[in-house]
Amino acid sequence: MAKCISSSILFAPSSSSTRTLKPSPLHFQTPKRSLRSMLSPRPRNPFSVFIRATVAIEKETPENERPDTFLRATDDPHSSAAASPNSVRARFEKMIREAQDEVCAAIEAEDGVGKFTEDVWSRAGGGGGISRVLQEGGVWEKAGVNVSVVYGMMPPEAYRAAKGGDSLEKPGPVPFFAAGISSVLHPKNPFAPTLHFNYRYFETDAPKDAPGAPRQWWFGGGTDLTPAYIFEEDVKHFHQVQKQACEKFDPSFYPRFKKWCDDYFLIKHRGERRGLGGIFFDDLNDYDQEMLLAFATECAQSVVPAYIPIINRRKETPFTDQHKAWQQLRRGRYVEFNLVYDRGTTFGLKTGGRIESILVSLPLTARWEYDHEPEKGSEEWKLLDACINPKDWI
């Protein structure tokens, strides 16, 4: 049975003075040793964003086994012609589930200790998902790899959050379909980088020419690297794999999506990026649909070769408490971006998504300290400088 949820989210960053963020509400653990301070954030005007959404969602039902598909019967690929738009839904779901299996197998093999736990869930009206999480492994502190297929009614503000911008015509509730894979991998070793990737396909099912919400489809996604310390050979390798995937389809994709990634992952109140980038694209529907499906598939298949060789090189590098504390401070930046700016997180919260799956991107541990500034010229300073001033790595 559908239930009505009124969710209020209030983000009120401080004004020109820096304020320590309290970790306790999200159960972050804070390392005991301190690190010499990091660059103080520039003064910012105070602002607050208040979002209120009433969303009709169906209650999730835990499942004991993975179904062959989460699509509704009307979306079954066997009941529709190959040229039907619904077949894109079926093939995209197949792709993300295969990518989930491939990434999880590679993570477990490289970790050597940890194993993924799995939650399968569904909704009576169609859709569902598979959430896999590995915690406190040999290499990874926390690794989450989720797939989901969702049908629902999108409130107007969620439609605008998903699309970005603000149209002149305000739509009413919009029926939608969304499928995607989303993953964040947080290693223990501060010299091993965090990886995020997400690939998604979205359709609105609004009646044709509905005011403010035309019926449409689009692809989105990307893969990005967030190290605490820079090893140029690692960053160059990562970007080279992204470039190779892009150039199979369009030589303009890599420079365009690399810049998009640098712009998207900007923590505006800090004036710095979350990490060292990669590729990012969204609302992409100005190419052939089959081409974009193939492109998203290629990108998802590039995750393991882009990332696992880096982890293999860095996972056993000796480190100190100071190195670990710096990693935790950068994890704090990760949390700030995800909770304040990330469109996927915002969309999930506004549409009544599964909270454990939405927030699986958050690390087990993070740290905030008052008025930190690394020594100029230090390895920590070099990372911060690269986050403030993005560069071309290849």
Side-chain angles (χ1 to χ4, degrees), residues 57-58 60-106 116 118-133 144-154 162 175-183 197-205 215-223 245 281-285 287-304 344 347-348 351-354 356-358 360:
I57 64 169
E58 291 184 317
E60 298 153 8
T61 303
E63 301 287 352
N64 294 323
E65 297 182 357
R66 292 174 235 149
D68 292 334
T69 180
F70 289 107
L71 298 178
R72 290 171 175 167
T74 53
D75 292 337
D76 188 330
H78 300 295
S79 66
S80 57
S84 167
N86 286 342
S87 67
V88 174
R89 297 183 179 189
R91 284 181 289 148
F92 193 84
E93 183 199 21
K94 181 175 183 292
M95 182 275 284
I96 61 177
R97 291 181 65 169
E98 289 174 350
Q100 184 186 42
D101 290 342
E102 178 187 5
V103 171
C104 288
F116 281 93
E118 179 178 281
D119 288 332
V120 181
W121 51 274
S122 66
R123 289 189 174 128
I130 303 169
S131 296
R132 294 180 185 166
V133 179
V145 189
N146 299 335
V147 296
S148 62
V149 173
V150 179
Y151 299 84
M153 292 294 295
M154 193 189 319
F176 74 91
F177 165 89
I181 181 169
S182 182
S183 175
F197 72 92
N198 175 291
Y199 292 97
R200 54 196 177 274
Y201 176 66
F202 201 98
E203 291 181 8
T204 59
D205 283 335
R215 187 167 189 165
Q216 57 188 300
W217 58 264
W218 63 87
F219 289 86
T223 305
F281 57 93
D282 209 358
D283 307 333
L284 207 60
N285 61 4
Y287 296 83
D288 177 75
Q289 193 175 35
E290 292 294 327
M291 183 267 234
L292 292 178
L293 175 60
F295 174 57
T297 301
E298 180 70 26
C299 290
Q301 292 174 347
S302 298
V303 168
V304 170
F347 175 78
T351 54
R354 186 173 186 268
E356 290 301 317
S357 298
I358 295 168
V360 76

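- What you find for A90 and L71 is that their closest heavy atoms are CA-CD1, 3.5 Å.
- Atom CD of residue E60 and atom CG of residue D119 lie 10.0 Å apart, to the nearest 0.5 angstrom.
- In this structure, S183 contributes its side chain and G144 its backbone to a donor-acceptor pair below 3.5 Å.
- Between F202 and W218, the ring planes lie parallel to each other; the angle is under 30°, not in the 30° to 60° tilted range.
- Atom CG of D68 has 12 or fewer neighbouring heavy atoms from other residues, nucleotides or ligands inside a 6.0 Å radius.
- R72 contributes a side-chain N or O that, together with a main-chain N or O of G125, makes up a donor-acceptor pair within less than 3.5 Å.
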* Kindly determine whether Y201 and Q289 satisfy side chain to side chain contact (heavy atoms under 4.5 Å, CB included), including the steps that lead there. => CA-CA 11 Å; Y201 176 66; Q289 193 175 35; 2.8 Å; yes

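- Closest non-hydrogen pair, Q100 versus I181, comes out as N-CD1, 3.6 Å.
- Closest non-hydrogen pair, W121 versus S131, comes out as NE1-OG, 3.9 Å.
- Within the 3.5 Å criterion, the main-chain N or O of Q216 finds a donor-acceptor partner in the side chain of T204.
- Shortest non-hydrogen contact noted between A300 and M95 is CB-SD, 3.8 Å.
- Nearest heavy-atom pair across V133 and V360 is CG2-CG2, 3.5 Å.
- Taking the side chain as every heavy atom from C-beta outward, E102 and V145 never approach each other to under 4.5 Å.
- Atom CG of L293 is separated from atom CZ of R89 by 13.5 Å, given to the nearest 0.5 angstrom.
- Between V103 and V304, the closest side-chain pair of non-hydrogen atoms falls below 4.5 Å.
- Judged by distance alone, the side chain of E118 and the main-chain N or O of I130 form no donor-acceptor pair under 3.5 Å.
- With sequence neighbours excluded, no residue satisfies ring pair (Phe, Tyr, Trp, His ring centres under 6.0 Å) with F116.
- Note that OG1 of T69 and NZ of K94 are 12.0 Å apart. Values are rounded to the nearest 0.5 Å.
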* Quick one: do T297 and Y199 satisfy side-chain hydrogen bond (donor to acceptor under 3.5 Å, both in side chains)? Show the steps, please. => CA-CA 9 Å; T297 301; Y199 292 97; over 6 Å; no

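- A side-chain donor-acceptor contact under 3.5 Å links N285 to the backbone of W217.
- A donor-acceptor pair is defined here as one N or O able to donate and one able to accept, closer than 3.5 Å; such a pair exists between the side chain of E93 and the backbone of F70.
- With sequence neighbours excluded, the residues forming a side chain to side chain donor-acceptor pair (under 3.5 Å) with E63 are S122, listed by chain and number.
- When all heavy atoms of R123 and R354 are compared, the closest pair comes out as NH2-N, 4.2 Å.
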* Asked: Can R132 and V147 be said to form a side chain to side chain contact (heavy atoms under 4.5 Å, CB included), step by step?
  -> CA-CA 9 Å; R132 294 180 185 166; V147 296; over 6 Å; no

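- Of the residues listed (F219, Y287, F295), the one engaging F281 in a ring-ring contact (aromatic ring centres under 6.0 Å, His included) is F295, and it is the only one.
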